[in-house]
Amino acid sequence: MTDTRFDPAVADERWQRAWAEAGTFTADSDSEKPKSYILEMFPYPSGRIHMGHVRNYTMGDVLARYQRMQGFEVLHPMGWDAFGMPAENAAMEKGVHPGGWTRQNIAQMKAQLQRIGFALDWTREFATCDPEYYGHEQALFLDMFAAGLVYRKESTVNWDPVDMTVLANEQVIDGKGWRSGAEVEKRKLNQWFLKITDFADDLLDGLGKLEDWPEKVRLMQENWIGKSQGLEFSFDLSDGGKLPVYTTRPDTIFGASFCAIAADHPIAQSLAGDPDVAAFIEACKRGGTKAAEVETAEKLGYQTSITAKHPFSGADLPVFIANFVLMEYGTGAVMGVPGHDQRDFEFATKYGLPITRVVASDPARADEPFKGEAEAGDGVIVSSGFLDGMSVEDAKQAVITRAEAGGWGEGRTVWRLRDWGVSRQRYWGTPIPFIHCDACGVVPVPKDQLPVTLPEDVGFDIPGNPLERHPTWKHVDCPQCGKPARRETDTLDTFTNSSWYFLRFASQPEDRPFDPEEVAKWMPVQHYIGGIEHAILHLLYARFWTRALAHMGQIEVAEPFAALFTQGMVTHETYSRTDPARGAPVFFAPEEVDRTSDRATLLADAAPVDVGRVIKMSKSKKNVVDPDAIIARHGADAVRWFMLSDSPPERDLPWSDAGIEGCARFVQRLWRLFSAYDPAATGEDKSLERKTHQTIAAVAADIEALGFNKAVARIYELTGATEKAAPSASRSAAIRALVHLAAPMMPHLAEEVWAGMGEGLIADAPWPTVDPALLVDDEVTIAIQHMGKLRDTVTAPKGASKDALEALALASANLQRSVDGAAIRKVIVVPDRLVNIVT
RNA sequence: GCGGGUGUGGCGGAAUGGUAGACGCCGGGGACUUAAAAUCCCCUGAGCUUUGCUCGUGCGGGUUCGAGUCCCGCCACCCGCACCA
């Protein structure tokens, strides 16, 4: 403890080895302690750990270490989401095997994670590409098949011509593949599907109980599931036909002044013999498919010769073909209520259709004109016959009841959520365990023949699925009749791998996917931390699998993740110059740029570069900082401290060299303070003792609320106060407390100091206890205000009476000068806070 | 266009309706040193007629003794999107 500098190059590795040898972070399922499961979204082994991983895992690590100190048996595992396209892309580009490439990346990234000193239980590590993992997944898939949750159907799929694979609806972004960015084409294929829609209602209901999930994620899932309740009914048409429409606002039915059908609606198609109609239909197909484009596009319609009879008024409504109606939703036809739907309003205005008010803020204002836009809000129904005077909600029900009684319509719930297509025509994924037999049809692989493993000898020199081309792999005998048959060559979407991995972390028997009793000990995950990009797909699928497994009686867990936290990104400035030849920017990496003066210059030629916005670190913008280089220079604790400092964890964290240097300085500052620890010091410092206990309590509360930036600020404050204090027993106690407070965040420094104090591993030490009596100050500062403006402050004993505080305030010269003899009308006293004089 | 989020010093950000700017970074001044690094101390929202006062939390209103915080109406930026009727 006599070293003047803390040397992370030596200490980091020493304590990482000590934890590993002691098995400190190995979770014991049989422990008597209360259990806590802390999980961060496991990484895809792309090759290198990036700062986003470091931030994510540091947050989880602080929670895991803190909860250990609070007496919990903590499960904090790590593994690899190892199947996926990048491995096949690497295979195609570099001629390596996807498995070899993935394994190499895992080894490299594991070493990186270990250098940061995360409190992980590596004994439970697995990669989803291990046959020991995906074999169990195949078993679960067969169970789901037996339970009727898996089916095949011929369907139009999104075909990505670059990646040569099918994409889920959810994976198509703006009509392009979410990874390749290629324009998606439509193709018909026989596909495997999971019946997520069976659980739509339950998935929606469950959101209401997830109180520790961010509101925005719950909202996004709610919108994704998209439950809408309304009325489906048919208009009688003038040509003798019927026009089924679906509406969520049956209460406004008396305000309907037209009907609109999609351009590809059968009725529109039947009219396409007319060249004008055909031309209009063609025009509708042009233009962008993006929501934003379609929404802002001008509303266009073509009035047909057909009319529709209003079910109540009997009026003949014109039927239009319109560009804002989509065939994919509802019935592909709507009733137009211009007064209470903005699109209908714009359409009616353009084509001179009646705009009738049928909802008003009160009945007296039934004739109030519209102010240039539709009114979609709540109110009272007016000008609507038997509905007049009803609330919107009551009127909806009343219309549905009438329609059902009259047999011309019925209440209907419509979901946006569609079943999950899991087939992928790709090699690097979980083989779907089925066999196609000409005689027996589609036959499940018997469970005792699992896992169906991927063949190693495959090539990637030609696009497409290597399993399809393999000379022998797909040729097997039918398990039922024994005749020659073919293996299914589709593999499962990688989202299936991440839909149950948290269960395998909790329990990993050899012969089954998991042991329900072991799972029950750990689940649900107490804190799940990851990026907002998984707000819908991964989190919804994991919730679905959990429900499916519970439905089959395999587990008794309602929701997999009790609390969810979505952390912000790590960002950095961008540096660029515009290439005059191409007009496009050329980016430079931070290490190529001199940022020490006000402006930024390129080290190579000392000429200026443009400093761009602070955005997410990405290879294409070159604004990345490699964690390894930073750790080598400043040590793991400084990097961890930086990840927790300043920015609230849910917001973006701008990386800066000055910031990490400040963190490294603080590590040394703490080291110096800790080195001055004197166990023999005597004497009491009540004020420091209070500060110490207040800080212990506040840091605990901050960590539990994931307010790491606030905890960091409090540790800075206590450090400053302790440095300034004269030696005393209280000061020595403050130093010991600080070692504990720092332990979850800067574990290497804390262990080094703790060992120097002659103690064991601080990772095993309990969180310091707090004396409640020391949490309150005996003296408080009282603000003295005149008309709400601060005029003076005085100190008073805690709990002083209102009269005493008022007297103190009136004695203030500053206050008296401000009041200037005016009559005092009122005195407001907030005990221990302030006195406000009102004149 | 719709849904969600954010907006506070030069920067990241604190602040149960009660002293706005804690804490950190940057910057300035000083101490120590032959010198530098490191370290330590002080200052650091703007303005003014400076024992103190005025203004100040995106903009405009409102409620209140008192508003960054609550209410109404805007603006800007970020994220998401499916014209779901």
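All heavy atoms count here, side chains included; hydrogens, waters and symmetry mates do not. Chain A is the first sequence line, chain B the second, and so forth, proteins listed ahead of strands; every chain is numbered from 1.
Here A:Thr781 lies in heavy-atom contact (under 4.0 Å) with a base. A:Tyr716 comes within contact range of the sugar-phosphate backbone alone, with a heavy-atom separation under 4.0 Å but no base atom that close.
In this structure, A:Gln668 places its CD atom 18 Å from C1' of B:G24, rounding to the nearest Å. The distance from atom NE2 of A:His265 to atom P of B:A85 is 18 Å, rounded to the nearest whole Å. Rounded to whole Å, the distance from CH2 on A:Trp415 to P on B:A85 is 13 Å. In this structure, A:Gln221 places its CD atom 21 Å from P of B:C79, rounding to the nearest Å. Atom-to-atom, CG of A:Asp832 to C1' of B:G18 comes out at 12 Å; the value is rounded to the nearest Å. Separating the CG atom of A:Leu243 from the C1' atom of B:A85 is a distance of 13 Å, rounded to the nearest angstrom. Here B:G12 presents its C1' atom at 14 Å from NE2 of A:His572, a figure rounded to the nearest Å. To the nearest angstrom, P of B:C25 lies 12 Å from CZ of A:Phe642.
By the 30° and 60° cut-offs, the orientation of the rings of A:Phe666 relative to A:Tyr716 is tilted. Note: A:Trp408 and A:Phe233 have perpendicular aromatic rings, judged against thresholds of 30 and 60 degrees for the angle between ring planes. The aromatic rings of A:Tyr302 and A:Phe280 sit tilted relative to each other, their planes meeting at an angle between 30° and 60°. By the 30° and 60° cut-offs, the orientation of the rings of A:Trp420 relative to A:Tyr541 is parallel.
Spacing between B:C32 and B:C41 at atom P, rounded to whole Å, works out to 15 Å. Nucleotides B:G45 and B:C78 are separated by 26 Å at their C1' atoms, to the nearest Å. Taking the C1' atom of each, B:G3 and B:G56 are spaced 34 Å apart, rounded to whole Å. For the P atom pair drawn from B:C55 and B:A20, the interatomic distance equals 12 Å after rounding to whole Å. Distance check on atom P: B:U8 versus B:G62 gives 24 Å, rounded to whole Å. Here the separation of B:U57 from B:G12, taken at their C1' atoms, is 16 Å to the nearest Å. A gap of 13 Å separates the C1' atoms of B:U69 and B:U63, to the nearest Å. For the P atoms, the distance linking B:C77 with B:C65 amounts to 38 Å, nearest Å.
Of the candidates B:G18, B:A85, B:A22, B:A22 carries the atom nearest the A:Ala713 side chain, counting heavy atoms from C-beta on. For A:Phe324, counting side-chain heavy atoms from C-beta on, the closest listed nucleotide (B:A15, B:C83, B:A22) is B:C83. When distances run from any side-chain atom of A:Lys826 to the nucleotides B:U19, B:G80, B:C65, the shortest one goes to B:C65. When distances run from any side-chain atom of A:Gln785 to the nucleotides B:C83, B:G12, B:U19, the shortest one goes to B:U19. Among the nucleotides B:G18, B:G52, B:U19, the one closest to the side chain of A:Arg817 is B:G52. Taking the side chain of A:Arg665 as heavy atoms from C-beta on, and the options B:G18, B:A85, B:C25, the nearest nucleotide is B:C25. When the nucleotides B:A14, B:C65, B:U39 are ranked by their closest atom to the side chain of A:Ile828, B:C65 comes out on top. The side chain of A:Leu219 approaches B:G3 more closely than any other nucleotide in the set B:G18, B:C23, B:G3. Among B:C41, B:A85, B:A22, the nucleotide with an atom closest to any side-chain atom of A:Lys724 is B:C41. When each of B:C40, B:C65, B:G4 is scored by its nearest atom to the side-chain atoms of A:Arg669, the top-ranked nucleotide is B:C40.
Between A:Lys710 and the phosphate of B:G13, there is no side-chain N or O to OP1/OP2 separation shorter than 4.0 Å. A sub-4.0 Å separation between OP1 or OP2 of B:U39 and a side-chain N or O of A:Arg5 is absent. The phosphate of B:G7 has OP1 or OP2 within less than 4.0 Å of a side-chain N or O from A:Arg651. Taking only side-chain nitrogens and oxygens, A:Arg791 comes nearer than 4.0 Å to OP1 or OP2 of B:U54. Taking only side-chain nitrogens and oxygens, A:Asn709 comes nearer than 4.0 Å to OP1 or OP2 of B:A14. OP1 or OP2 of B:A85 sits under 4.0 Å from a side-chain N or O of A:Thr248. Contact between the side-chain N/O atoms of A:Asn814 and the OP1/OP2 oxygens of B:G52 is found at a separation under 4.0 Å.
Of all nucleotides present, only B:G10 satisfies the Watson-Crick or G-U wobble test against B:C25, with each distance under 3.5 Å. The pairing partner recorded for B:A31 is B:U39, the criterion being a Watson-Crick or G-U wobble arrangement whose two distances lie under 3.5 angstrom. A 3.5 Å limit on both hydrogen-bonding distances identifies B:C2 as the Watson-Crick or G-U partner of B:G80.
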- Task: Could you give me the CA-CA distance, side-chain angles and deciding distance for A:Asp419 and A:Thr197, then say whether side-chain hydrogen bond (donor to acceptor under 3.5 Å, both in side chains) is met?
- Result: CA-CA 6 Å; A:Asp419 277 337; A:Thr197 53; 2.7 Å; yes
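When each of A:Pro250 and A:Lys789 is assigned the nucleotide of RNA chain B with its nearest heavy atom, A:Lys789 is the one assigned upstream, toward the 5' end. Taking for each of A:Arg249 and A:Leu790 the nucleotide of RNA chain B with the nearest heavy atom, the 5'-most of the two is the partner of A:Leu790.
With a 4.5 Å cut-off on side-chain heavy atoms, A:Thr252 and A:Met335 count as touching. Using a 4.5 Å heavy-atom threshold, the side chains of A:Tyr351 and A:Leu300 count as touching.
Glycosidic conformation, B:G27: anti, with the torsion outside 90° of 0.
Taking the six-membered ring for Trp and the full ring otherwise, A:Phe347 and A:Phe320 have centroids separated by under 6.0 Å.
Considering A:Met745, A:Met59, A:Lys710 in turn, A:Met745 is the only one that fulfils the side chain to side chain contact (heavy atoms under 4.5 Å, CB included) rule with A:Ile703.
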